[in-house]
Asks: 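The structure's right below; bear with me while I get my questions together.
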Amino acid sequence: MYTINDLAMMTGLTTRTLRNYLKLGVLNGEKLDGSWRFTDEEIEAFFADAGVKQSMRANRHAVIYDFLADTSKKANRACVILDFAVTDEEGREISAFFCGKINRDGADITFSCGRDRGLSRVILSGSEDSVADILRAYYGER
């Protein structure tokens with residue numbers, strides 16, 4: 001199960017926006033011990049909504065645009081786009097890996113993921129070392 005912070009990290013949407021989607025019934029989940037929790041199925045249904053897809057796409061593009069527009073970087077930074085031609089189940093596993101790894105390590109990474117028609121896209125932006133470490137972890141575990 002995923003938390004609202006996990007979902008915010010994956011989508012690029014704020015927790016406030018996600019709570020609004022909950023109120024509107026676009027996003028479904030369960031509140032356990034005062035915290036929202038979401039299953040893979042609930043997240044898939046949320047990702048399938050046309051309005052949500054558009055918002056997520058805009059936020060993913062913003063991660064890339066912000067990286068390119070920032071010309072005052074004081075340290076090495078990296079932005080990586082990974083496209084995986086995978087099943088929905090494999091896409092969920094990929095999202096879970098990156099989300100879990102970033103949460104556990106507290107890495108300096110902006111993370112976004114999305115799935116559409118058999119393609120899972122992951123965008124990582126952050127310190128060069130953090131991005132390299134998470135990529136090594138992902139490809140080392142495969």
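Both backbone and side-chain heavy atoms feed into the values below; hydrogens, waters and symmetry mates do not. The residues of the chain are indexed from 1 along the displayed sequence.
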Asks: Compare all side-chain heavy atoms of Val122 with those of Ile81 and state whether any distance is below 4.5 angstrom.
Replies: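 No; the side chains remain at least 4.5 Å from each other.
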Asks: Quick one: does Arg77's side chain get under 4.5 Å of Phe67's, heavy atoms only?
Replies: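 Touching, per the 4.5 Å side-chain cut-off.
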Asks: Look up atom CE in Met1 and atom CD1 in Ile43, then write down how far apart they are to the nearest 0.5 Å.
Replies: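 Nearest 0.5 Å value for the CE-CD1 distance: 8.5 Å.
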Asks: Say whether, by atom type as modelled, one donor and one acceptor occur between the side chain of Thr17 and the main chain of Leu13 under 3.5 angstrom.
Replies: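 No, the answer is negative, given that no donor and acceptor are paired below the 3.5 Å cut-off.
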Asks: Working to the nearest 0.5 Å, report the span between CD of Glu128 and CG of Asp133.
Replies: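 Result: 10.5 Å between the selected atoms.
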Asks: Quick test of your reading of the model: are Glu44 and Arg92 salt-bridged, counting only N-O distances below 4.0 Å?
Replies: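 Yes, charged N to carboxylate O under 4.0 Å.
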Asks: Hey, would you say the Tyr138 and Phe84 ring centroids sit under 6.0 Å apart?
Replies: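 Under 6.0 Å, so yes.
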Asks: Output yes when a side-chain donor or acceptor of Asp70 lies under 3.5 Å from a complementary backbone atom of Asp66, and no otherwise.
Replies: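 It does not hold such a pair.
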Asks: Counting C-beta onward and ignoring hydrogens, is there a side-chain heavy-atom pair between Tyr2 and Thr39 closer than 4.5 Å?
Replies: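 Tyr2 does not reach Thr39 side chain to side chain.
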Asks: Using a 3.5 Å distance criterion without hydrogens, assess whether the side chain of Thr11 forms a donor-acceptor pair with backbone atoms of Leu7.
Replies: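 A pair under 3.5 Å: yes.
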Asks: Taking the side chain as every heavy atom from C-beta outward, state whether Leu124 and Thr110 have any atom pair closer than 4.5 Å.
Replies: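 A side-chain contact is absent here, since even the closest heavy-atom pair is not under 4.5 Å.
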Asks: Around atom CD of Glu89, are there more than 12 heavy atoms of other residues, nucleotides or ligands at under 6.0 Å?
Replies: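 Result for CD/Glu89: enclosed.
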